[in-house]
Amino acid sequence: MKKYSIFSLARNAFKFHQDWEKAWRSPEPKKNYDAIIVGGGGHGLATAYYLAKEHGITNVAVIEKGWLGGGNTGRNTTIIRSNYLWDESARMYEKSLQLYEGLSQDLNYNIMLSQRGVLNLAHNLQDIRELKRRVNAIKLNGIDSEFLTPEQIKSIVPMINISPSIRYPVLGASIQRRGGVARHDAVAWGYARAADARGVDIIQQCEVTGIIRDGGRVTGVETTRGVINAPKVAIVTAGHSSVLAAMADVRLPISSFPLQAMVTEPVKPILNSVVMSNAVHCYISQSDKGELVLGAGIDGYNSYTQRGSLHIVEEQLAAVCLLFPIFSRLRIMRKWGGIVDTCPDASPIVSKTHVDGLYINGGWGTGGFKGTPASGWTFAHTIARDEPHALNAPFTLDRFTSGSLIDEHGAAAVAH
Amino acid sequence: MLLIPCPWCGERDEPEFHHGGEAHIERPLEPDQLTDEEWAEYMFMRTNPKGVFLERWVHQSGCRRWFNLARNTATNEIIGAYKMGEKPPTSTIANKQKTATVSNKKPKGVR
């Protein structure tokens with residue numbers, strides 16, 4: 001891998017950018033690997049990277065049905081934060097945020113992390129009490145968090161409507177100043193390039209059609225490009241976790257729902273932070289291209305269709321226009337849906353399964369992007385050592401049997 | 001937006017309804033006999049298929065009654081509604097699955 005730097009940029013500029021080497025190879029799949037990762041999204045590629053970097057396991061294949069980052073990695077609204085209420089989640093997402101903070105240097109790939117601050121709004125007295133409680137809980141976990149008055153919010157987000165006479169007035173907010181956004185494609189591509197440089201084979205356009213077992217052990221996968229053998233198979237297929245797990249007769253507590261997001265036409269800088277509201281339910285930020293990136297809640301029924309209903313869009317745009325009346329003039333350019341795998345407790349599963357050598361990482365719900373680095377980091381540990389790291393030990397599949405759920409529903413500042 | 005055929009009211013727009021998750025999950029008859037694994041299965045584990053899904057809906061802003069729906073989660077095509085306590089329309093589902101695999105046409109149930 002040739003290092004990206006100001007010098008390589010200058011050198012290639014003289015060659016009219018015709019001579020850049022490919023960011024990763026596209027090798028033919030080998031017959032045998034030490035580990036197979038099913039799913040070439042951010043989480044899968046991060047898993048491959050940390051397997052190679054932290055555990056020295058480089059004879060690894062990442063098998064992707066479509067193209068890298070073409071699923072939920074390319075469909076989310078790129079928000080990163082670690083302001084979670086429960087200790088288990090706080091540790092996991094804080095690890096993730098810390099990895100994000102050093103990721104561009106670590107991967108030698110600019111993931112365009114912008115720690116512009118994430119605000120969660122309060123619209124009534126109960127919201128304020130709840131947010132203040134959360135701010136304190138988050139601080140106790142050593143994570144930055146502050147409570148803001150409407151005037152303080154206005155000084156950070158001048159466009160916001162803090163009039164006390166609107167239907168859901170803005171009465172306060174919590175802010176995590178280290179929160180922000182990153183370029184989602186760059187996260188996938190950066191991990192792919194760095195994993196490839198350490199010897200990981202990234203195989204695109206190859207769909208896993210079956211998981212081969214011998215007794216209670218995994219021995220490989222059947223794919224559209226033939227059988228590939230490995231003693232360890234890791235499923236990281238957000239949006240299709242249940243489908244893949246069913247191939248190995250593993251039952252999951254997951255339901256899959258469409259989640260819609262959209263962008264407006266691009267405008268000059270107008271919103272310099274991420275604003276989220278649970279009560280009126282929307283989240284909004286401005287991309288570096290100038291588009292406002294909007295998202296909200298899931299469509300309320302199981303589906304794999306990657307699209308949703310218009311009344312969901314209407315509700316979230318109403319919320320945006322309430323908070324930012326000026327945005328009502330903007331036109332929506334694109335709208336899309338992704339499929340989110342949600343667990344009953346709104347927390348992910350990063351776990352071993354009852355099948356030896358089969359691991360599963362999924363159920364991140366609507367908040368998977370922010371978890372990408374820690375997800376890969378802990379999952380790589382789980383695969384390499386065949387036991388979870390302390391960070392993901394609470395996020396096992398067994399918790400649904402033992403009852404020790406991590407109930408982030410309603411605790412995660414936004415519906416989650 | 002889905003156009004959902006309520007067995008009592010006929011076809012109505014999706015916002016009138018609320019989804020109630022997977023259908024035909026039976027409440028345990030002897031709850032004190034259940035193991036932790038059986039509780040987990042009843043409480044949390046779901047089939048979540050990519051294909052025909054039997055699910056419950058309630059016509060919240062209409063007759064307020066619950067019913068079952070057979071719907072294809074890969075296309076959103078609605079195969080049919082049936083009342084609580086009735087058996088799912090297995091023959092229609094089987095036919096639909098056959099045509100779906102043969103023709104792989106554009107979905108119909110989405111409007």
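A, B, ... follow the sequence lines: proteins, then strands. Residue 1 opens every chain.
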Does any donor atom in the side chain of [X] or [Y] lie under 3.5 Å from an acceptor atom in the other side chain?
X        : Y        : value
A:Ser375 : A:Asn361 : yes
B:Thr73  : A:Asn302 : no
A:Ser303 : B:Asn76  : yes

Counting only non-hydrogen atoms closer than 4.5 Å, does A:Leu252 touch chain B with its backbone (N, CA, C, O), its side chain (CB onward), both, or neither?
backbone

Between B:His18, B:Arg46, B:Glu55, which shows the greatest number of heavy-atom pairs under 4.5 Å with chain A?
B:Arg46

Just give me the residue among B:Gly20, B:Ala74, B:Pro15 that pairs up with chain A most often, heavy atom to heavy atom, under 4.5 Å.
B:Pro15

Any sub-3.5 Å donor-acceptor pair from A:Tyr283's side-chain atoms to A:Ala296's backbone N or O?
yes

Please check if the side chain of B:Arg64 supplies one atom and the backbone of B:Val58 the other of a donor-acceptor pair under 3.5 Å.
no

Taking 4.5 Å as the heavy-atom cut-off, does anything in residues 79-92 of chain B contact chain A, and if so which residues?
none

Determine which pairs satisfy salt bridge (charged side-chain N to carboxylate O under 4.0 Å, His left out) with at least one residue from residues 17-45 of chain B, sequence neighbours left out, and list them in order.
A:Arg251-B:Glu41

Side chains of A:Met92 and A:Phe395: closer than 4.5 Å at any heavy-atom pair?
yes

Parallel, tilted or perpendicular: which one describes the rings of A:Phe257 and B:His19, with boundaries at 30° and 60°?
perpendicular

Side chain / backbone / both / neither for B:Thr35 at chain A, heavy atoms under 4.5 Å:
neither

